[in-house]
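Below is one structure, written out as structure tokens; the observations come after it.
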Number of protein chains: 2
Amino acid sequence: MRRNDDTSMLEKVMLILQTFRTAGGPQRLADIARSTHLPKSTVHRLIQPLLDLNLLQRVDGGFALGLVLFELGELVPVKSQLRQAALPFMQDLFAATHQTVHLGVRDGYDVVYAEKIHGHGGVDLPSRIGGRLPLTCTGIGKALLAFALPEVLDEVLGQPLRRLTPHSITDLDLLKDEVSRVQTAGVAYDREEAAVGGCCVAAPVLVSGVAIAALSVSVPVAQFQPARLGPAVRTAALGLSRKLNRLW
Amino acid sequence: MRRNDDTSMLEKVMLILQTFRTAGGPQRLADIARSTHLPKSTVHRLIQPLLDLNLLQRVDGGFALGLVLFELGELVPVKSQLRQAALPFMQDLFAATHQTVHLGVRDGYDVVYAEKIHGHGGVDLPSRIGGRLPLTCTGIGKALLAFALPEVLDEVLGQPLRRLTPHSITDLDLLKDEVSRVQTAGVAYDREEAAVGGCCVAAPVLVSGVAIAALSVSVPVAQFQPARLGPAVRTAALGLSRKLNRLW
DNA sequence: GTCGTCGTTCCGTCTCACGGAACCTTCCTT
DNA sequence: AAGGAAGGTTCCGTGAGACGGAACGACGAC
């Protein structure tokens, strides 16, 4: 069964760490062994150095990801630069709307949420910083697609369309129409396509004409006012775009 | 030269990743080889699987930390739970003061910044999310110490006191006085002890009577108004403490 | 008591990590 | 154009140490 290719050990370590992506809470040794399909003795052996290096930490009933990962995570460019620049604009947007504000980037066929601001009240969305959703089901995703490089757009549209709610767009032609509408308007809407009861308005952040990120405001469907939110989101995204073009 | 102990490969991988903590920008293969003191061929061999696993990514002039690290970093308990709970209170505090707001936790003898909110204008502090400063030189640190377990306090005070500015407290007795004052007042001040020209007001977040984090507001020394900021920070920290005690 | 589960330790096999050396490619210098 | 320095890549012989099955000790449940 051992094939040939490469670094088996690193792969196992990553399997162990990835375990924590799905399982929320602390994981015990046996849990990890089960979900990775690795022998117990192997997991046990690998865990020790991970603890020493602070990639894992012991918590009450098992193990959790360690502080080193947190520190390294903050040094990933998407965070340290983009986020730094985006936060003030997100603050403004939040102050103006008092609704949940998201910043997202593209990774493969998903949008990865890089930042989120929300107040006490707002809708509680399934999104999480570092979390993923299909590009085609979210406002941010559609904004990213509409202003992506053409080959990226083709590549993504070549994939089977995923569905998160009954409102998710699963017809390719409808989606293409939607994308060209976004390209014209400069704003993307999500009408309960990612979560029932939740809508959002998104606008792309452009550097040299290409979307590298997108901002969005999410609201309960009852308060969905495109006419009011659209300009606010566009203004914030444009401001951020200008700032980044100046920096880079 | 090979000693004995354990996982040499993981250690090397960590050395490579840690390289990015000090060096800000992208690193090239030769840069990494130099700063890790590893042979070029070794670095080259280790980097390939790191790219495959998305722990590293290629950027214009070299390599940078990959998105996987960002995603895992967001799953570290200090983030996913504490931050989630704290953000709304930090929003409030920011809205009330329009000054930079920090959330910090203790790790060893340092405070690690878990979250930061700042507007367009504010002072630009050397702090960074995921960054570290000595406990004894910051408001957050002193708030954490004053409400830490006694053995933790002893342990930290047993270390040599570090100095970041001429105002940093480096006399053990003065520091002990300061800590007991914080214990009484429930608020810690930093008067240019971490950065010249910057002051801050901090209050501990208590769960079961022990500080697990602290909130602070940082202001330029000219606008330092303890009487106004103290209550605001205390209110936010108390609100967060209550919320956490309810959750846990 | 017995059984199931969890964490830990041992150890024989043999894979694959290791890094020196040689090579290729740019890019700069003269 | 020739020479040189530095970055990146490939090759390969050696032996350290990763691997995981198996057996063990420690709880806790029923």
Does [N] have OP1 or OP2 under 4.0 Å away from a side-chain N or O of [X]?
X: A/His44; N: C/dT8; result: yes
X: B/Arg45; N: C/dA17; result: no
X: B/Thr42; N: C/dC18; result: no

Whole angstrom value for the distance that separates [atom2] of [N] from [atom1] of [X]:
X: A/Leu56; N: C/dG7; atom1: CG; atom2: P; value: 14 Å
X: A/Met9; N: D/dA16; atom1: CE; atom2: C1'; value: 13 Å
X: A/Leu46; N: D/dA18; atom1: CG; atom2: C1'; value: 9 Å
X: B/Gln48; N: C/dC18; atom1: CD; atom2: P; value: 15 Å
X: A/Leu51; N: C/dG7; atom1: CG; atom2: P; value: 13 Å
X: B/Ile32; N: D/dA6; atom1: CD1; atom2: P; value: 18 Å
X: B/Gln27; N: D/dA6; atom1: CD; atom2: P; value: 18 Å
X: B/Ile47; N: C/dG19; atom1: CD1; atom2: C1'; value: 15 Å

Dump every N/O contact between nucleotides 21-25 of chain D and the protein below 3.5 Å, one line per pair.
| unit_1 | atom_1 | unit_2 | atom_2 | d |
| --- | --- | --- | --- | --- |
| D/dG21 | N7 | A/Ser41 | OG | 3.4 |
| D/dG21 | O6 | A/Ser41 | OG | 3.2 |

In DNA chain D, consecutive runs of at least three Watson-Crick or G-U pairs below 3.5 Å, as range with range, amount to C:1-30 with D:1-30
Which residue, B/Leu38, B/Leu29, B/Ile32, forms the side-chain contact (heavy atoms from CB on, under 4.5 Å) with B/His44? B/Leu29
B/Ala114: what forms a side-chain contact (heavy atoms from CB on, under 4.5 Å) with it, not counting sequence neighbours? A/Phe70, B/Val78, B/Leu103
Among C/dC18, C/dG19, C/dG7, which is the nearest nucleotide to the side chain of A/Arg28? C/dG7
Consider the side chain of A/Arg34, meaning its heavy atoms from C-beta on, and name the nucleotide among C/dC6, D/dG8, D/dG20 that approaches it most closely. C/dC6
Steps toward side chain to side chain contact (heavy atoms under 4.5 Å, CB included) verdict (B/Leu56, B/Leu65): CA-CA 4 Å; B/Leu56 288 183; B/Leu65 296 177; 4.0 Å; yes
[Y] side chain reached by [X] side chain, heavy atoms, under 4.5 Å:
X: A/Pro26; Y: A/Asp31; value: no
X: A/Leu55; Y: B/Met14; value: yes
X: B/Leu82; Y: B/Ile212; value: yes
X: B/Leu144; Y: B/Ile140; value: yes
X: A/Lys142; Y: A/Val179; value: no

Whether B/Arg83 and B/Glu74 form a salt bridge (side-chain N of Lys/Arg under 4.0 Å from carboxylate O of Asp/Glu) is what I want to check. no
